[in-house]
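Have a look at the structure below, then the notes.
Source: prediction; values computed, not measured.
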Amino acid sequence: MFAVGATVAAASDSGGSGSSGTSSRAPGRYSPDAGFARDMAVHHQQAVEMSFIVRDRTKDEPVRSLAYDIANTQANQRGMLLGWLDLWGLPKVIADEPPMSWMATSDGGAGGAGGATSDGGAGEPGSHHGHDMGAAKPGALMTGMATKEELAALGAAEGRDAEVLYLQLMTDHHKGGVAMARGCARQCATPAERALAQGMVEAQQSELTLMADMLKQRGAAPRG
């Protein structure tokens, strides 16, 4: 809890227009910093939900251990992201902001004073027309996220079937999360948030390798 609080405080102190972390200005309402915090908080929440589901659907210790690690890590990171939004005085949900729209902000504008600290320019809603991630599948809020039907299927599965489906769904989820975190590492202006995003990239890539091996052990493979 101390580490989480320290990280949130660091983001409050360093959040601003430059990469040096010397500005005290908070990121803008539609900045990549705020957009990433809002979207990744939602993305993480589903990962936590799926991990709790599979915990009760299998007795396999490696899968249960992985699920615990993912749930614990992503719940803590979600707390950091929501804490930053509170410190910045920004809403956790914006009705007119399409998911992932912040990723369409140009790299040049997002890292400088205008993109991260102003509500104008590239940060305005409706100014984003795409991003470097594939489109979310029908029924999913964001790329990599599971649909309600997939969550229901996971909740109904047992044993090996639950393990395989969880690993496949979480593989897709991590791939979407990695792309999103790379976007923040490239575009966010807050040093502490960029560092957290880069850490997410590295940790989730490692877990992707682990999950591929676990699927292979169960005679399965990632989807698509």
What's the shortest heavy-atom distance between Leu90 and Ala34, and which atoms?
CD1-CB, 3.7 Å
Please confirm whether the backbone N or O of Thr190 pairs with a side-chain atom of Asp33, one donor and one acceptor, at under 3.5 Å?
yes
Ignoring hydrogens and angles, tell me if any N or O in the side chain of Ser31 forms a donor-acceptor pair with the backbone of Gly28 under 3.5 Å.
yes
Assess whether side-chain contact (heavy atoms from CB on, under 4.5 Å) is satisfied between Glu193 and Gln198, documenting all intermediate values.
CA-CA 9 Å; Glu193 191 175 17; Gln198 185 57 42; over 6 Å; no
Should Leu154 and Arg57 count as side-chain neighbours, where that means a heavy-atom distance under 4.5 Å?
no
Within the structure provided, determine whether Leu167 and Arg218 are in side-chain contact (heavy-atom separation under 4.5 Å).
yes
Please answer: with hydrophobic residues joined when any side-chain heavy atoms are less than 4.5 Å apart, are Leu82 and Met142 in the same cluster?
yes
Taking the side chain as every heavy atom from C-beta outward, state whether Ser65 and Asp69 have any atom pair closer than 4.5 Å.
yes
For a 4.5 angstrom cut-off between non-hydrogen side-chain atoms, does Gln168 reach Leu215?
yes
Polar side-chain atom of Arg223 near backbone of Asp172 as donor-acceptor pair, under 3.5 Å
no
Any luck finding a side-chain donor-acceptor pair between Ser51 and Tyr166 under 3.5 Å?
yes
Given the options Leu141, Leu151, Leu169, Gln46 meets side chain to side chain contact (heavy atoms under 4.5 Å, CB included) only with Leu151
If only atom types and distance count, is the side chain of Thr58 paired as donor or acceptor with the main-chain N or O of Val54 below 3.5 Å?
no
In terms of hydrophobic clusters joined by side-chain contacts under 4.5 Å, are Ile70 and Met80 together?
no
Decide whether Leu165 and Met145 are clustered together by the hydrophobic rule: side chain heavy atoms of Ile, Leu, Val, Met, Phe, Trp, Tyr closer than 4.5 Å, transitively.
no
Side-chain donor or acceptor of Glu202 paired with backbone N/O of Gly199 under 3.5 Å
no
Would you compute the distance between atom CH2 of Trp102 and atom SG of Cys188 and round it to the nearest 0.5 angstrom?
5.5 Å
Ring geometry between His43 and His173 (parallel below 30°, tilted from 30 to 60°, perpendicular above 60°)
tilted
Mind checking whether Met40 and Val178 sit in one hydrophobic cluster, side chains of I, L, V, M, F, W, Y counted as touching below 4.5 Å?
no
Pairwise side-chain contact, Lys137 with Glu150, heavy-atom cut-off 4.5 Å (strictly under)
yes
Identify the two heavy atoms, one from Ala41 and one from Leu81, that lie closest to each other, and give their separation to 0.1 Å.
N-CD1, 3.8 Å
Under 4.5 Å between side-chain heavy atoms, counting indirect links through other Ile/Leu/Val/Met/Phe/Trp/Tyr residues: same cluster for Met214 and Tyr68 or not?
no
If you define the side chain from C-beta out and look only at heavy atoms, does anything of Gln74 sit under 4.5 Å from Gln204?
yes
Determine whether Asp96 and Tyr30 satisfy the following criterion, side chain to side chain donor-acceptor pair (under 3.5 Å), listing intermediate values before the conclusion.
CA-CA 10 Å; Asp96 64 355; Tyr30 297 102; 3.3 Å; yes
Does the side chain of Met180 reach to within under 4.5 Å of the side chain of Thr143, using non-hydrogen atoms?
no
Just by distance, do the side chain of Asn76 and the backbone of Asn72 share a donor-acceptor pair under 3.5 Å?
yes
Arg55 side chain to Arg64 main-chain N or O, any donor-acceptor pair under 3.5 Å?
no
How close do Pro99 and Asp39 get, heavy atom to heavy atom, and via which atoms?
C-OD2, 3.8 Å
Is the shortest side-chain heavy-atom distance between Met200 and His44 below 4.5 Å?
yes
Scanning both residues in full, the closest heavy-atom pair of Met170 with Ala47 reads CE-O, 3.7 Å
Cys184 to Arg194 - nearest heavy-atom pair and separation
O-CG, 3.7 Å
Could you check whether any side-chain N or O of Ser101 sits under 3.5 Å from a backbone N or O of Pro98, counting only pairs where one atom can act as donor and the other as acceptor?
yes
